[in-house]
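In what follows, a single structure is set out as structure tokens and then discussed.
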Amino acid sequence: TPRVLEYDVDGGRDLDIFDINEEAGLNLVEGDIELDEKQAR
Amino acid sequence: NSIIGDQYRWPKTVPYYFEDDLEINAKGVILKAFEQYRLKTCIDFNPWEGEQNYISIFKGSGCFSSVGNRHVGKQRLSIGTNCDRIATIEHEFLHALGFWHEQSRSDRDDYVTIMWDRISEGKENNFNTYNDTTSSSLGVPYDYGSMMHYSKTAFRNGTEPTIVTKIPAFADVIGQRMEFSDNDLLKLRRLYNCTRSSTFLDTCDFERENICGMIQGPGDQAEWTRVIQAPGGPNTDYSNMGKCTGSGYFMHFSTATGRPADTARLESRLLYPKRGYQCLQFFLYNGGGANDQLVILVREYDEAHPNGTLRVIQPIYAPPQDLWQLHHVSLNVAKKFRVVFEGIKGDAPSTGGLSLDDINLSETTCPDHVWRVKNFSHVMETTPNNKPIYSPPFKSREGYTFQMGLYPSGKEGYPGELSAYAHLVTMTGDTEVRKWPCPWKQMTMMLFDQNPDIMRRMNNQRSVTTDPTKKLNETSELFFWDDPLKVGVEVSEADGTKYFRGPGAGTTAYLTHGRAKSRDFIKGGDAIFLLTMEDVSHLTVTQPVPSSTMPPVTTITTAILPPTDPCTKVTCGNEGVCVVDAENAVCRCAVGDDWWYYGENCQYLGSTQDTMTTALIASFSVLGGMLVVTAVSVVCVKRKYKNSGGVGDRGITMSNVSV
């Protein structure tokens, strides 16, 4: 049987949360935590 | 580990708002994540109805959240591209509910070694710990299996791990993003004082002699018995597969004796439904005669029928074979009830009977289809890399046919992985009218963790959604999810069936072989995939906003609001929300612990520091004013006495006066 097209929803990469955020250029605490004003202070 | 402080807790029912920018697939997976919270904890989620604080879920540039309830009104939680996995979403919501990462707890150095020289420069602060006055591990031991734990590769600068577990067996366990671990659930239940979960009803593996409060039904001629082996099979139970001597019980109804049409009823304890729909799941072994049958009924109770009335749900089709078969039955019960397993002896000869094990009942929807891959360990080891196997085509509730493609040894370049794709299918000769390209159907491929207890399962699942506007590729005029007759290839199965298989969507990295061999993903040698196709087109519309409030102007256009709403003319800045008070639109501004916005449109920022400054200035002004008044008074009095020259005692002789 000829192959059909297969589309990788994550581009063929097993990205963890922290990899995704790093690629997005986010500089969050512990990779995925957003601080509010008080915490940031 | 959790952030200490009651102010960080949400109410047990958390209000949420789906922002319009969220992907449809992400919305569907978020709803699945909520269902896991409802099943396994007492946390529930409700669409925002105007509560002061709510979680706004939006598509940011990544996956992130704040820790705990920050009391800011609209609290952001981002589910961006590639974040639409159930475990990622559950992870972010655990943050929002008040949890930090597991390896930041104060005692982590007892359990893992941080390899500081392997961490990318400037990223070391991601490995800070919180002391036990800031965070609490809630009396739960360090959890390598937590879905809040970093993986061993987190923030590394090369190829070597940044986190080394002190017990080597856990090196590849950390960083699992499949489902809640037992300890994740324990901590969440402790933090929120859970006494029961929202949608769980019952589980039973028959290991205990009380058989989970089940009873032998009245009006039958035979009994179910608790055994560890049955003549005619099975030789072991399903929960333990006979691994533990002295345990491994299941319930058996022997049809080797008795008369045809004899029945044996096994009834669950009394159950109290809330939702009105349930999924009953159980394993059945038919080692009896060809006509022996199991029928699922419910006994419903109300004031008019205090002894209950029986209602047949459905007979189970389970031909005799040497196999524990997985079955799902959808129930629709809205009043107090028992589930009834009725075994009926057929008229064919039998040397065995019917057996039941690992029963679970929850107020959830059932999966649509079961694909069992026999001898899966062998399949993983022997299938060449880049060679797929396919499930049978399954028909969805809306009439579409689909199937799962699985690469047991991964796609090319991904050895040691399971790769998985979902395909639409059109059967040859199928003339049913459907809409093409297929609009907004979410296909979920779940590798079933066959733990006997539904609460302890860590199923591995991925979902893809058919976007009818998606093109086959950048230059094509064809649509990806169009009729497979048009965009697929013809397939001929060994049994002679023919169909067209459309393009697939999925992932090369569905699950590693290491993880697939862990837990109960493979039991008795077999793996079970649960496949579902659901309509998610209702998620393409904007979530209604509460009638008396308007969401922040950055995310919702005023066009969707009724024209008479006074809030349409008011813009509240700085994430304030507009409410209607006595038919007037007023802004309710965002506030924090020591800061707040104020003004007609929340345009000013205030803080406790400002208040203190104001108070000090006011105090000094008053003090200064008083000093001036005192000084003026003294001067005036002095002048007065100076001018009068001592006339004050005129005419009075001061003699013989004692004071």
Side-chain angles (χ1 to χ4, degrees), chain A, chain B residues 25 60-67 70 72 76 78 80-84 88 91-92 95 100-101 104 125-128 150-151 153-155 175 177 388 405 411 413-414 417 421 423 462 464 472-473 480 484 487-492 501-509 512 592-595:
Chain A
T1 305
R3 290 280 181 91
V4 286
L5 177 72
E6 281 162 351
Y7 168 72
D8 260 292
V9 291
D10 41 18
R13 294 176 309 157
D14 186 17
L15 296 175
D16 198 357
I17 299 166
F18 313 106
D19 306 319
I20 294 166
N21 290 347
E22 194 167 10
E23 279 199 0
L26 297 176
N27 190 20
L28 297 160
V29 174
E30 293 185 16
D32 70 337
I33 296 173
E34 193 176 44
L35 298 187
D36 62 26
E37 262 181 61
K38 182 188 166 192
Q39 289 175 300
R41 264 207 312 277
Chain B
N25 189 60
S61 56
C63 343
F64 57 85
S65 169
S66 308
V67 173
R70 312 306 305 184
V72 291
R76 304 190 323 154
S78 169
T81 305
N82 291 332
C83 305
D84 52 352
T88 301
H91 178 113
E92 296 310 330
H95 279 318
W100 303 101
H101 292 123
S104 71
N125 59 347
N126 292 302
F127 291 85
N128 290 345
Y150 281 179
S151 70
T153 61
F155 304 103
R177 305 274 180 261
K411 283 190 86 172
Y414 294 88
E417 291 274 353
Y421 296 86
H423 302 261
R462 291 299 295 269
V464 294
L472 207 54
N473 57 50
F480 192 94
V487 292
V489 297
E490 189 170 23
V491 177
S492 298
R501 176 185 300 139
T507 174
T508 49
T512 63
D593 285 348
D594 59 355
W595 57 269

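Since the structure is predicted, the reported quantities are computational estimates derived from the model, not experimental observations.
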Non-hydrogen atoms of chain B under 4.5 Å away: do they reach the side chain of A:L26, the backbone, both or neither?
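For A:L26, side-chain heavy atoms alone lie under 4.5 Å from chain B.
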Under 4.5 Å heavy-atom distance to chain B, tell me which part of A:E22 shows up: side chain, backbone, both or neither.
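For A:E22, the side chain is the part near chain B, not the backbone.
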Checking heavy atoms, do the side chain of [X], its backbone, both or neither come under 4.5 Å from chain A?
| X | result |
| --- | --- |
| B:H95 | side chain |
| B:E490 | backbone |
| B:V464 | side chain |
| B:N25 | neither |
| B:R501 | both |
| B:F155 | side chain |

With sequence neighbours left out, write down each residue that passes side chain to side chain contact (heavy atoms under 4.5 Å, CB included) with B:E417, or none if nothing qualifies.
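B:E417 satisfies side chain to side chain contact (heavy atoms under 4.5 Å, CB included) with B:Y414, B:A509, B:T512 once adjacent residues are dropped.
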Please report the shortest heavy-atom distance between A:I20 and B:N82, naming the atom on each side.
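So the minimum-distance heavy-atom pair works out to CD1-O, 3.3 Å.
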Nearest atoms (heavy-atom pairs only) where A:D8 meets B:T508
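Here A:D8 and B:T508 meet closest at OD1-N, 2.8 Å.
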Under the criterion side-chain contact (heavy atoms from CB on, under 4.5 Å), I'd like the reasoning laid out for B:H101 against A:I33: C-alpha separation, chi angles, the key distance, then a yes or no.
CA-CA 9 Å; B:H101 292 123; A:I33 296 173; 4.0 Å; yes
Checking side-chain contact (heavy atoms from CB on, under 4.5 Å) for the pair A:N21/B:C63: CA distance, chi angles, key distance, verdict?
CA-CA 7 Å; A:N21 290 347; B:C63 343; 4.2 Å; yes
Any donor and acceptor pair, going by atom type alone, linking the side chain of A:D32 with main-chain N or O of B:S65 inside 3.5 Å?
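Side chain of A:D32 to backbone of B:S65: no pair is present.
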Within the side chain of A:D10, is there an N or O that forms a donor-acceptor pair under 3.5 Å with the backbone of B:T507?
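A pair under 3.5 Å: no.
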Who wins among B:Y150, B:F480, B:W100 for the most heavy-atom pairs under 4.5 Å with chain A?
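Ranked by heavy-atom pairs under 4.5 Å with chain A, first place is B:Y150.
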Go through B:P503, B:A505, B:G504 and name the one with the most non-hydrogen pairs under 4.5 angstrom from chain A.
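The residue among B:P503, B:A505, B:G504 with the greatest pair count is B:G504.
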Could you please spell out the steps behind the side-chain contact (heavy atoms from CB on, under 4.5 Å) verdict for B:T153 and A:D16?
CA-CA 9 Å; B:T153 61; A:D16 198 357; 5.8 Å; no
